[in-house]
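Let me begin by presenting the structure, written as structure tokens, before commenting on it.
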Amino acid sequence: MMNVQSRSSVLGIVAYGLIALGTLGQVPGGDGPTRTGAKAEAVQYLYPEQITVPAGKTAPVALHFRVAQGLHINSHAPKDEFLIPTELSIPAASGVRLETADYPAGTEFTLPVEPGTKLVVYTGEFTIQARIVAQPGDHMVEARLHYQACDQNACLPPKTITVPIDVIGK
């Protein structure tokens with residue numbers, strides 16, 4: 001059974017989510033068109049675009065991302081189980097296997113609607129330290145990053161972006 005403080009925190013986060021549903025189109029820097037007509041992503045994959053690794057052996061790769069200004073995303077290990085974690089994946093048929101992924105710790109963030117609730121989020125630039133194993137050859141990997149972006153008042157729907165990496169296994 002939940003105590004009063006836990007119930008209050010859960011209700012505050014649920015209220016935050018309901019506010020998000022009502023204001024999806026109002027989030028600055030969200031999925032609306034930019035001045036060039038292109039859609040701005042809440043999270044942008046920065047680099048590397050190409051890597052060469054020893055074929056058949058575990059190799060490290062640092063994947064760099066940037067969260068749009070004014071937004072945050074939940075860390076890989078959010079404090080509450082119903083929050084959507086940030087997760088990296090690589091499709092099984094890509095010729096490259098994701099052995100492990102080490103995510104940054106994230107920073108604490110307090111919801112304006114529930115000051116007693118602290119979230120663990122990523123803002124600005126962050127790096128996922130992955131360890132991959134590649135088969136011999138050139139593999140255009142379409143890894144994926146799944147996340148949910150929010151601003152001070154609302155959250156966008158969960159999203160998955162493509163993380164293109166040309167992996168050469170030698």
Side-chain angles (χ1 to χ4, degrees), residues 5-51 60-91 94 98 100-132 141-166:
Q5 185 177 10
S6 293
R7 184 174 293 180
S8 173
S9 293
V10 169
L11 290 175
I13 292 173
V14 169
Y16 183 64
L18 291 174
I19 291 168
L21 290 174
T23 60
L24 288 176
Q26 301 174 14
V27 178
D31 286 336
T34 63
R35 290 178 194 223
T36 63
K39 286 185 141 195
E41 294 290 345
V43 177
Q44 178 185 11
Y45 172 58
L46 301 176
Y47 60 92
E49 294 176 6
Q50 183 181 67
I51 58 170
V61 59
L63 303 171
H64 299 266
F65 300 89
R66 178 183 303 129
V67 179
Q69 186 174 354
L71 298 177
H72 62 270
I73 62 175
N74 290 316
S75 72
H76 176 67
K79 288 187 175 185
D80 288 307
E81 63 188 40
F82 57 87
L83 296 174
I84 296 170
T86 296
E87 294 182 328
L88 177 73
S89 63
I90 293 179
S94 68
L98 179 62
T100 62
D102 293 324
Y103 298 82
T107 57
E108 282 197 351
F109 175 79
T110 303
L111 293 170
V113 296
E114 183 62 39
T117 301
K118 297 217 185 287
L119 304 176
V120 179
V121 302
Y122 302 140
T123 59
E125 292 188 17
F126 69 97
T127 302
I128 297 173
Q129 301 291 338
R131 296 190 60 74
I132 61 170
V141 177
E142 290 191 357
R144 295 182 184 103
L145 186 74
H146 185 71
Y147 63 89
Q148 184 170 27
C150 305
D151 70 4
Q152 293 283 333
N153 302 306
C155 290
L156 296 168
K159 183 158 187 167
T160 302
I161 60 168
T162 300
V163 178
I165 314 165
D166 185 8

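Sequence positions, counted from 1, serve as the residue numbers for this chain.
Within the model, atoms OG1 of T100 and CD1 of I132 stand 10.5 Å from one another, a figure rounded to the nearest 0.5 Å. Remark: E142 CD to I90 CD1 distance equals 12.0 Å, nearest 0.5 Å.
A donor-acceptor pair under 3.5 Å links the side-chain atoms of Q148 to the main chain of L156, judged by distance alone. The backbone N or O of N153 sits less than 3.5 Å from a side-chain atom of D151, completing a donor-acceptor pair. The backbone N or O of L88 sits less than 3.5 Å from a side-chain atom of Y103, completing a donor-acceptor pair. In this structure a side-chain-to-backbone donor-acceptor pair under 3.5 Å is missing from T162 to P164. Between the side chain of T86 and the backbone N or O of N74 there is at least one donor-acceptor pair closer than 3.5 Å.
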Between L63 and I165, does the side-chain contact (heavy atoms from CB on, under 4.5 Å) criterion hold? Intermediate values first, please. CA-CA 10 Å; L63 303 171; I165 314 165; 3.6 Å; yes
side-chain contact (heavy atoms from CB on, under 4.5 Å) between L145 and V43, intermediate numbers included: CA-CA 9 Å; L145 186 74; V43 177; 3.9 Å; yes
Please report the C-alpha distance between H146 and I84 in whole Å, then the side-chain angles of each, then the deciding distance to 0.1 Å, and finally whether the side-chain contact (heavy atoms from CB on, under 4.5 Å) criterion is met. CA-CA 9 Å; H146 185 71; I84 296 170; 3.9 Å; yes
Given H72 and Y147, is the side-chain contact (heavy atoms from CB on, under 4.5 Å) satisfied, shown in steps? CA-CA 10 Å; H72 62 270; Y147 63 89; over 6 Å; no
May I have the list of side-chain donor-acceptor pairs in residues 118-126 shorter than 3.5 Å, sequence neighbours left out?
unit_1	atom_1	unit_2	atom_2	d
K118	NZ	T110	OG1	3.3
Y122	OH	H76	N	3.2
Y122	OH	P104	O	2.9
E125	OE2	R66	NE	3.3
E125	OE2	R66	NH2	3.0

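When all heavy atoms of P78 and P85 are compared, the closest pair comes out as CD-CB, 3.7 Å. The nearest pair of heavy atoms linking I73 to A149 is CG2-CA, 3.7 Å. Scanning all heavy atoms of the two residues, the minimum distance from A105 to S75 falls at O-CB, 4.3 Å. The two atoms that bring L98 and S89 nearest to each other are CD2-CA, 4.3 Å, heavy atoms only. Taking every heavy atom of both residues into account, P60 and R131 meet most closely at CB-NH1, 3.7 Å.
A salt bridge links K159 to E41: at least one charged side-chain nitrogen sits closer than 4.0 Å to a carboxylate oxygen.
Side-chain atoms of D102 and Q129 form no donor-acceptor pair, as typed in the model, at a separation below 3.5 Å.
Side-chain contact between T127 and F65 is absent, with no heavy atoms from C-beta onward closer than 4.5 Å.
Using bins of under 30°, 30° to 60° and over 60° for the plane-to-plane angle, the ring pair H64/Y47 lands in the parallel bin.
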